Amino acid sequence: MATILDGKKLRDKILVDLEQKISTFEHKPKLVVILVGDNPASQIYVGNKQKCAQKIGIISEVVHYSSDIEENVLINKIHELNNDKSVTAILVQLPLPKHISKINVIDAIAPKKDVDGFTPYNFGKLFSGEKPYVYPCTPKGILLLLDEYGIDIAGKHAVVVGRSNIVGHPMSQMLLNRNATVTVCHSHTRNLAQITKTADILVSAVGKNIIKGEMLKSGCVVIDVGIFKDGSGKLHGDVEFEPSSKIASYISPVPGGVGPMTIASLMLNTVELFENNL
Ligand code: NAP
């Protein structure tokens, strides 16, 4: 049976260390989260981020706009936050309403306050193999989890399913930067199972139940990023857990794997940006 990659346990350890560190700071980091509209999932994510930040001593503020806000009002607010010395980290909760350009909004965030690592400056640094101010939270959390369990990355064949800018795309580059041989799969990929069968490390970030046990190589490491609810409201990942855990050597559960590591990374990034600006 595979060893469970326990994201909650590592998150708790990271948060205890961060709380201790923040308690020594004379001034505290301040994270401002911008939320637009009433998407229930986004409201829950933002609430969780704020609660977690406050618990460890980060000052956290949520700026909530209605879904009909104009793009320039949002961008002006970001400029104001960029110029506010007390604000050390800015996060715009995605998705945004269709009439607002995500690209324009993300571009407006000062790279030194870009806690998600999504601005062109930070993305560009990442993709040129240089150090951005911070790395995107979900892939960063996944690498921390692999490192915690002593899983080697260099020389391994890593298959990343999904190529979003939030997870799959930066994940593939971060694995490449750690000397994995990386294959990226997406909705146009043919013979997905043939490719996943060759993965030493499989990261699935799709949001559909697409990875079956028979698609895995014996002894592989499985990272399940996907989250979706079935008709009864039960949470699932991309990976069929029971059969996969009999074939893999390590597997991350849903919930309790990547999700908690994403929030731990957000807190780490908030503190890193604060320390960079000291
Ligand atoms: P996204 O933007 O919807 O991207 C999904 C990706 O999956 C796309 O690249 C898409 O390919 C690919 N895809 C769709 N159907 C496929 C198929 N049949 N075979 C292979 N690839 C396929 O989603 P996301 O933001 O990356 O999130 C992915 C999942 O992770 C979601 O369930 C989300 O809720 C979850 N998530 C979890 C966390 C966490 O902290 N646990 C964080 C972020 C996201 P194309 O590019 O060709 O369309």
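Since this is a predicted model, take the numbers as computed values, not measurements. Counting starts at 1 for both ligands and their atoms, in listed order. Just so it is clear, the values below take in all heavy atoms, side chains as well, and ignore hydrogens, waters and symmetry mates.
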What's the shortest distance from [atom] to any protein heavy atom, and which residue and atom give it?
atom: atom 3 (O) of ligand 1; answer: Val206 O, 4.5 Å
atom: atom 35 (C) of ligand 1; answer: Val225 O, 3.4 Å
atom: atom 45 (P) of ligand 1; answer: Ser187 OG, 3.5 Å
atom: atom 31 (C) of ligand 1; answer: Gly207 CA, 3.8 Å

I'd like to check whether Ile227 has a polar contact with ligand 1, where a contact means an N/O of the residue lying under 3.5 Å from an N/O of the ligand.
yes
Nearest to [atom] by heavy atom, [options]: which?
atom: atom 43 (C) of ligand 1; options: Leu266, Val184, Thr196, Val167; answer: Val167
atom: atom 4 (O) of ligand 1; options: Gly237, Gly141, Ser164; answer: Ser164
atom: atom 8 (C) of ligand 1; options: His169, Met261, Arg163, His188; answer: Arg163
atom: atom 19 (N) of ligand 1; options: His236, His186, Lys229; answer: His186
atom: atom 12 (C) of ligand 1; options: Gly162, Cys137, Gly7; answer: Gly162

At a 4.0 Å cut-off, with the gap strictly under it, does some heavy atom of Gly168 reach an atom of ligand 1?
no
Basic-acidic side-chain contact under 4.0 Å: Lys13, Glu148:
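Judged by the 4.0 Å cut-off on N to carboxylate O distance, Lys13 and Glu148 do form a salt bridge.
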Check whether His236 reaches the backbone of Lys208 with its side chain - one donor and one acceptor, N or O, closer than 3.5 Å.
no
Please name the residue in the list Ile34, Leu35, Leu266, Val32 that meets the side-chain contact (heavy atoms from CB on, under 4.5 Å) test with Leu91.
Leu266
If you look at every heavy atom in [X] and [Y], which pair is closest and at what distance?
X: Val36; Y: Ile100; value: CG1-CD1, 4.5 Å
X: Pro136; Y: Met174; value: CD-SD, 4.3 Å
X: Tyr135; Y: Asn269; value: O-ND2, 2.9 Å

For [X], which part has a heavy atom under 4.0 Å from ligand 1: side chain, backbone, both, or neither?
X: Val161; answer: side chain
X: Thr138; answer: side chain
X: Lys208; answer: side chain

So CG of Asp224 and CG of Leu5: to nearest 0.5 Å the spacing works out to 11.0 Å
Pairwise distance CD(Gln43) to CG(Asn48) - rounded to 0.5 angstrom
12.0 Å
Parallel, tilted or perpendicular: rings of Phe274 and Phe25 (30°, 60°):
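Phe25 and Phe274: tilted rings.
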For Thr262, atoms of ligand 1 separated by under 4.0 Å from a heavy atom:
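What qualifies from ligand 1 is 39 (C), 40 (O).
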Would you check if there is a donor-acceptor pair between the side chains of Asn276 and Glu272 at a distance under 3.5 Å?
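No, no side-chain donor-acceptor contact under 3.5 Å.
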